[in-house]
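Input: a single structure, listed below in structure tokens.
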Amino acid sequence: MTLTRTHRPWGSLFDELRRDLDGLFDHYGAGRPVASSRGVFPPVNLEETSEGFVLTAELPGVAPADIQVSLEGATVMIQGERKPHPATPEEHAVHRRERRTGSFRRAFELPATIDAEKVEAFHRNGVLELRLPKAPEFQPRQINVQAS
Amino acid sequence: MTDREATQELTASEKQPVAGEGTRPGPVYRPDVDILESRDGYLIHVDLPGVDEKALDVRLEDGVLRLDVPAPAPDGAVTTPLHTEYRPGGYHREFRISEGIDAAAVTAELRNGVLELRLPKSEARKPRSIEVRAA
């Protein structure tokens with residue numbers, strides 16, 4: 001798994017980004033259960049903690065080496081490719097093919113700037129987890145009240 | 001005895017999980033599968049994202065291969081959901097297995113959230129080429 005920061009213009013990505021953002025704001029605080037994301041791969045959950053954000057994506061059958069995570073400002077993007085299973089025999093008949101393969105790309109703009117140096121990415125049981133700490137200026141701060 | 005026969009018997013059942021079957025509350029999904037057949041046997045790949053091998057129950061009984069994963073317990077983390085596209089859940093699926101499978105040799109391996117089941121054909125069911133001799 002590579003974690004890189006890209007500096008390319010988003011261009012055609014913008015529509016996709018906007019769509020994801022619309023979904024994001026749709027569900028801000030509104031207790032609606034699951035966003036209508038049928039057919040979108042991978043399905044992504046985004047949660048906020050006091051320190052930052054946790055993004056998880058269900059990516060069964062995608063090797064860590066085939067996942068790229070990039071970050072620019074408050075925008076995080078995951079992309080990669082789900083390949084046919086490596087154990088596929090050369091000569092075979094297909095009885096069922098429900099698992100789809102191909103490339104994927106999803107981008108999310110977070111409501112706070114991310115501390116890029118401290119981003120962590122984990123891959124476990126086919127689920128990608130990104131821990132995205134907020135930049136220092138977005139971190140919660142304790143203010144001491146002084147007696148005057 | 002042809003492969004075609006065996007093929008028709010290995011079908012994924014479409015039935016939904018029985019309500020209240022799980023020991024924990026939570027959704028139970030029917031996972032996506034690929035079923036391939038080669039000369040030596042069947043190869044089944046099952047998408048099980050987020051499933052730990054300890055939670056996975058695979059059993060072969062009365063000619064039915066059953067796959068069960070209970071819905072996970074809530075992790076109790078204090079977070080605010082901003083965007084939710086999936087809910088972790090359990091999984092359930094059954095496959096009817098033909099008699100041509102060597103049940104004792106079935107193997108299961110979980111890797112990157114995908115279960116691989118290998119079901120070797122019993123020797124008698126493997127295709128053989130018959131030498132034709134001139135009389």
Side-chain angles (χ1 to χ4, degrees), chain A residues 20-21 23-29 31-38 40 42-50 53-64 66 82 84-101 106 108 110-111 123-129, chain B residues 3-4 6-12 14 27 29-56 69 72 75 77-89 91 93 95 107 109-118 127:
Chain A
D20 280 334
L21 285 174
L24 190 74
F25 291 119
D26 250 11
H27 295 277
Y28 246 126
R32 253 192 294 166
V34 175
S36 55
S37 59
R38 234 165 239 287
V40 178
V44 167
N45 282 354
L46 183 62
E47 296 176 345
E48 184 173 7
T49 66
S50 55
F53 304 93
V54 180
L55 185 152
T56 53
E58 287 191 325
L59 287 163
V62 183
D66 294 329
R82 182 155 114 140
H85 199 282
T88 305
E90 253 177 51
E91 277 183 48
H92 65 267
V94 176
H95 296 296
R96 251 167 218 269
R97 170 103 55 205
E98 298 169 359
R99 303 171 61 251
R100 282 189 275 171
T101 55
R106 305 223 43 202
F108 294 87
L110 305 167
H123 186 268
R124 192 177 140 73
N125 294 332
V127 176
L128 172 73
E129 178 176 323
Chain B
D3 271 351
R4 189 171 294 271
T7 299
Q8 284 165 346
E9 285 169 84
L10 186 92
T11 52
E14 302 285 341
Y29 302 112
R30 182 173 175 274
D32 288 341
V33 304
D34 286 349
I35 301 176
L36 306 180
E37 180 185 354
S38 69
R39 188 186 175 282
D40 300 324
Y42 295 90
L43 189 62
I44 305 181
H45 290 129
V46 190
D47 279 347
L48 296 172
V51 172
D52 192 272
E53 60 183 56
K54 291 190 206 87
L56 176 61
V69 179
D75 59 7
V78 185
T79 59
T80 309
L82 296 182
H83 185 67
T84 306
E85 292 178 353
Y86 72 89
R87 258 178 215 293
Y91 296 93
R93 199 147 177 184
F95 307 93
T107 60
E109 188 185 319
L110 191 60
R111 188 188 187 87
N112 286 340
V114 177
L115 174 70
E116 177 173 292
L117 295 163
R118 283 177 184 273

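Below 30°, between 30° and 60°, or above 60°: for A:His85 and B:His45 the angle between ring planes is below 30°, a parallel geometry.
The nearest pair of heavy atoms linking A:Ala63 to B:Asn112 is CA-ND2, 3.6 Å. Taking each heavy atom of A:Glu91 and B:Ser38 in turn, the nearest pair found is O-CB, 3.6 Å.
Inter-residue side-chain proximity for A:Leu46 and B:Glu85 is flagged as unmet; no heavy-atom pair is nearer than 4.5 Å. Counting only heavy atoms from C-beta outward, the side chains of B:His83 and A:Asn45 never approach each other to under 4.5 Å. The shortest side-chain heavy-atom distance between A:Asn125 and B:Glu53 does not fall under the 4.5 Å cut-off. A 4.5 Å side-chain heavy-atom check between A:Pro60 and B:Val46 finds every atom pair outside the cut-off.
In summary, of the residues considered (A:Val40, A:Val44, A:Val127), a side-chain contact (heavy atoms from CB on, under 4.5 Å) with B:Tyr86 occurs for A:Val127 alone. The side-chain contact (heavy atoms from CB on, under 4.5 Å) test with B:Asp47 is passed by exactly one of A:Arg100, A:Arg82, A:Glu98: A:Arg82.
No other option in A:Thr56, A:Leu55, A:Thr49, A:Val54 has as many heavy-atom pairs under 4.5 Å with chain B as A:Thr56.
Using a 4.5 Å cut-off between heavy atoms, B:Glu116 contacts chain A through its side chain alone, with no backbone atom that close. Contact of B:Leu110 with chain A is not made at all, since no heavy-atom distance falls under 4.5 Å. Using a 4.5 Å cut-off between heavy atoms, A:Ala57 contacts chain B through its backbone alone, with no side-chain atom that close.
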Does A:Glu47 form a side-chain contact (heavy atoms from CB on, under 4.5 Å) with B:Thr84? I'd like the steps, not just the answer. CA-CA 8 Å; A:Glu47 296 176 345; B:Thr84 306; over 6 Å; no
What do the steps show when you test A:Glu48 against B:Thr79 for side-chain contact (heavy atoms from CB on, under 4.5 Å), and what is the final call? CA-CA 6 Å; A:Glu48 184 173 7; B:Thr79 59; over 6 Å; no
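No more than 12 heavy atoms of other residues, nucleotides or ligands lie within 6.0 Å of CZ in B:Arg111, so this atom counts as exposed by the packing criterion.
From A:His92, atom NE2 reaches atom CD1 of B:Ile35 across 12.5 Å, with rounding to the nearest 0.5 Å. Considering CZ of B:Phe95 and NE2 of A:His95, their distance stands at 12.5 Å, rounded to 0.5 Å.
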